[in-house]
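Below is one structure, written out as structure tokens; comments come after it.
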Amino acid sequence: MPAATETIDTVQSLTQSGYKWGFETDIEMDIAPKGLTADTVRMISAKKEEPEWLLDWRLAAFAAWEAMVEPNWAKVGYPKIDYQDIHYYAAPKRPAPKSLDDVDPELLAMYEKLGIPLKERAALAGVEGAGMEGVIGSGNPNIAIDAVFDSVSVATTFRETLAKSGVIFCPISEAVREHPELVRKYLGTVVPVSDNYFAALNSAVFTDGSFVYIPKGVRCPMELSTYFRINAKNSGQFERTLIIADDGAQVSYLEGCTAPMRDENQLHAAVVELVAFDDAQIKYSTVQNWYPGDANGRGGIYNFVTKRAACRGARSKVSWTQVETGSAITWKYPSCVLQGEGSVGEFYSVAVTNNRQQADTGTKMIHIGKNTRSTIVSKGISAGRSDNTYRGLVRILPKASGARNHTQCDSLLIGDQCGAHTVPYIESRNPTAKVEHEATTSKIADDQLFYCRSRGLSEEDAVGLIVNGFCKEVLKELPMEFAVEAQKLLAVSLEGSVG
Amino acid sequence: MNQSLHNGADAYLSRYEGLRDRLPGDAAIRDAAAAAFKAGGLPSMRDEDWRYTSLRALAETDFGEPLSMVATAPILGDAIDAPRLVLVDGRYQPDLSTPPVGVTVTPFSENPYFGRLPDTKRPMAALNTMLTEDGVQLHVAAGVDAGALVLLSLAPQGHRPIAFHPRHGIHLEAGAKLTVLEIARGEGAYLHNAVTEAVVAPGAVLTHIRLQDESRDAFHVNTTFAEVAEHGTYDAFVLTLGAQVARTEIHARLIGPHGMVHLNGAQLLGGQQHGDITTVVAHDAPNCGSRQTIKNVLSDRSRGVFQGRIEVARAAQKTDGYQMNQALLLSPQAEIDCKPQLEIYADDVKCSHGATVGELDADQLFYLRSRGVPDAEARAILVRAFLAEAMDPIAHDDARALLERAIEQWWEHRA
């Protein structure tokens, strides 16, 4: 075989094994023409049969977006995005199914391919062969999924069980129809339409996402989960998620992402808003594994996400946990506005970049109320020719007496062609507040590697093991079935980075 | 705001136009700096490097020329027993100076050398390059241990705001040694915008200690560009006590293996003072080390800023970088902003930074009080202990004693 062909074959097999979820599902799509104008916004709103107020809200966001410029402060580089060259609406042609039987079998097959955490869970619980028609729901009595296939939620499970306890968990478009008072009251109150460029874009054109309302005193009986999936070619996905935990409510929300392999870059600009009232707790966990592009940095998802939580109530608590292994570019800062007295914000993050990936991620903790507390643990791993930046802000306002923050940022470099950066901002205006920040950068120690190798582990397995140890503090915050997948993801993401 | 900032820049630019033909040195260098300054104007808080420090008050002040020689001999203040070089309103005063042995001193006005390190694209360095008239160039020959000298900058007039932009250079040849103690003092409102180039050749050791005790109405901007060759050491310390707005900016670059940079500092601020220490340590060569310990003690409505970046290039394997910045807030109105940054492109490195912000430890205070130490004194003891970590590495005993005295006075003045 000629050397060139051999190389191509090797590269192909490598990239294919490198991204095992790089398949494409062929489903009929209802696609809006490319481009973004006020008419596009009106068309999306009309397609979704939205009330007048929401259309006005979207148009205000669109006007704000038009007046803004794309931010360039993050340590990421990418070719200029042509916002007029994107489809802003793509929906599967069939109407939303009433039950699983109505679901397109191809979709079900796709969910099966995606169903790693469910399988893991089944396996862990000893439920073998849960069966493909049962992928959504059965065998996993404690997970409810609101699956987002491109832009429209097509299946929602466990609605009844949830409804019994008064929990509302549905696509946000449905919530707009059925619970307009709730949506109208909270939408855009945490992330205002003109908050930033990508949030404004999202507010103008968001197509769907999840809506969760946990009533007073209710502990959500199961973990809520959404699979995000980008499928149609060149259709940016603009998800909007809104979670409200009323007084004393508790909920754990899981978000997992995979996307098919593509050559063209795809834009994703999601907004997630969380509201926690007195004594409420929200735990939001993410495993993000979108297509990172190939080894040369071609293709891959642009992930520009605005996630923010308002801890409005006393003693409320929001915990963000994220494992970011995918996307060509990650621009994401899940934040907490700690307004309620004694409220707590947490941020646990693992960000892995390999090949040409670029991640600029971190958090903001804004301490407004008395005795508010925040914890930040960030683990960044860079390999290949990637760049990985932690960017965070801890701000203590004058009234935040007794506020407390501890931040720990660790970076691990694998190879000498990558970069690891730490950019924390610390602003304190209250003397009784205590803020601590530590950051370290190191590489995998030779003696650690040698120890593992001498016990018969391959170099790659050894690196996987050491990296998992490095990330343990964060991984232990994930719900178990997620933690298992996350560990595997770390190993897969770092394939080919050593040796 | 933009309007006034531009007005601020315009005043400097028109002054440059008027002075251009009379200023010493290469006009092309000045013109380039003027073009850069014109394009960017005075730094604004929208500039990431200046996000915490506003020069609005500076832009709104109408500064005049430092006109004539001082009639009365300025008060030199206490200093250490060492040779001294004196500048008044940014101009070198041979009459008041006692030149050191082992150091060649050349006033900038006689030999206008702008240096090769200063980045004249940076707005305040560009302003300096455009308008500088004088300064001192120090040169120590290879292998010479030139001891210590004092570089005293005075602005004694005080009845009318003036602006001066001294340009200094410190060049140590291979194996040379020098300790420079810079003291800045003055009366009234003025802008002291200095740029210093420090070149440390292989094996040379430059100790650069600064006491910034300017008038509380002054603006003090001090930008240092240092370069350290193999086995060289640049050991800097700055104590900020004065000025209404102060910015000490140090760019240190390690270009040869086994070089060492220390950038330590302390700011003690009160009233409505604003003090900013900004450092960039660039590791370009392997096996180098850098150590930074910065302490802020902030009372009243003062605001302290620390921005510190460690950059490690691909080639700089085995880098050992450490940075610690700590702040004590002594009043409910004080504010600290810090931005410690790491930017790392080499894998075999050990880099860390830490930051803490808080007030005096209640337990420690209680301990001292329970042993009969009055409250004010107990606080003074704890603040001194807090500063010790940054002060202790100052090897020059007289210099350290001088700084400690200045801190003592600051504390007494406050109480």
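In the text below, chain A, chain B and the rest are named by the order of the sequence lines, each starting its count at 1.
- Only the backbone of A433(A) comes within contact range of chain B, with at least one heavy atom under 4.5 Å from a heavy atom of that chain.
- Note that the CD1 atom of I310(B) and the OG1 atom of T422(A) stand 9.5 Å from one another [nearest 0.5 Å].
- Of all heavy-atom pairs spanning L329(B) and S428(A), the tightest one is CD1-OG, 3.7 Å.
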>> Show, in sequence, the C-alpha distance, side-chain angles and deciding distance for V435(A) and T356(B), and conclude whether the side chain to side chain contact (heavy atoms under 4.5 Å, CB included) test is met.
In response: CA-CA 5 Å; V435(A) 183; T356(B) 66; over 6 Å; no
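- Using a 4.5 Å heavy-atom cutoff, the side chains of I426(A) and D337(B) are not in contact.
- The residue from I414(A), D416(A), L412(A) that alone fulfils the side-chain contact (heavy atoms from CB on, under 4.5 Å) condition with D347(B) is D416(A).
- Chain B forms the most heavy-atom pairs under 4.5 Å with one residue out of E438(A), R395(A), H406(A), R391(A), and that residue is E438(A).
- More than 12 non-hydrogen atoms from other residues, nucleotides or ligands lie less than 6.0 angstrom from OH of Y78(A).
- Atom CZ of R404(A) has more than 12 neighbouring heavy atoms from other residues, nucleotides or ligands inside a 6.0 Å radius.
- Using a 3.5 Å distance cut-off with no hydrogens or angles, the side chains of Q417(A) and Y345(B) do not pair a donor with an acceptor.
- Taking 4.0 Å as the cut-off between side-chain N and carboxylate O, E343(B) and K75(A) count as a salt-bridged pair.
- Taking OG1 from T389(A) and CD1 from I344(B), the interatomic distance works out to 11.0 Å, rounded to the nearest 0.5 Å.
- Surrounding CD of E66(A) are more than 12 heavy atoms belonging to other residues, nucleotides or ligands, all under 6.0 Å away.
- For NZ of K364(A), the number of neighbouring non-hydrogen atoms (other residues, nucleotides, ligands) closer than 6.0 Å is 12 at most.
- Heavy atoms closer than 4.5 Å to chain A are found in the side chain of E48(B), but not in its backbone.
- Of the listed residues C338(B), S352(B), A327(B), the one with more heavy-atom pairs under 4.5 angstrom with chain A than any other is C338(B).
- Contacts of E311(B) with chain A are absent, with no heavy-atom separation under 4.5 Å from either backbone or side chain.
- Ranked by heavy-atom pairs shorter than 4.5 Å toward chain A, the options Q307(B), K350(B), R51(B), R314(B) are led by R314(B).
- Closest non-hydrogen pair, P431(A) versus S331(B), comes out as CG-O, 3.5 Å.
- No donor-acceptor distance shorter than 3.5 angstrom exists from the side chain of R309(B) to the backbone of V423(A), with no hydrogens or angles considered.
- P424(A) approaches P340(B) most closely through the heavy-atom pair CD-O, 2.6 Å.
- Residue contact with chain B, scored on non-hydrogen atoms closer than 4.5 Å, involves the side chain of D387(A) exclusively.
- Between H437(A) and H353(B), the ring planes are tilted. Angles from 30° to 60° get that label.
- Atom NZ of K434(A) has 12 or fewer neighbouring heavy atoms from other residues, nucleotides or ligands inside a 6.0 Å radius.
- Proximity to chain A (any heavy atom under 4.5 Å) is shown, for Y322(B), by neither the backbone nor the side chain.
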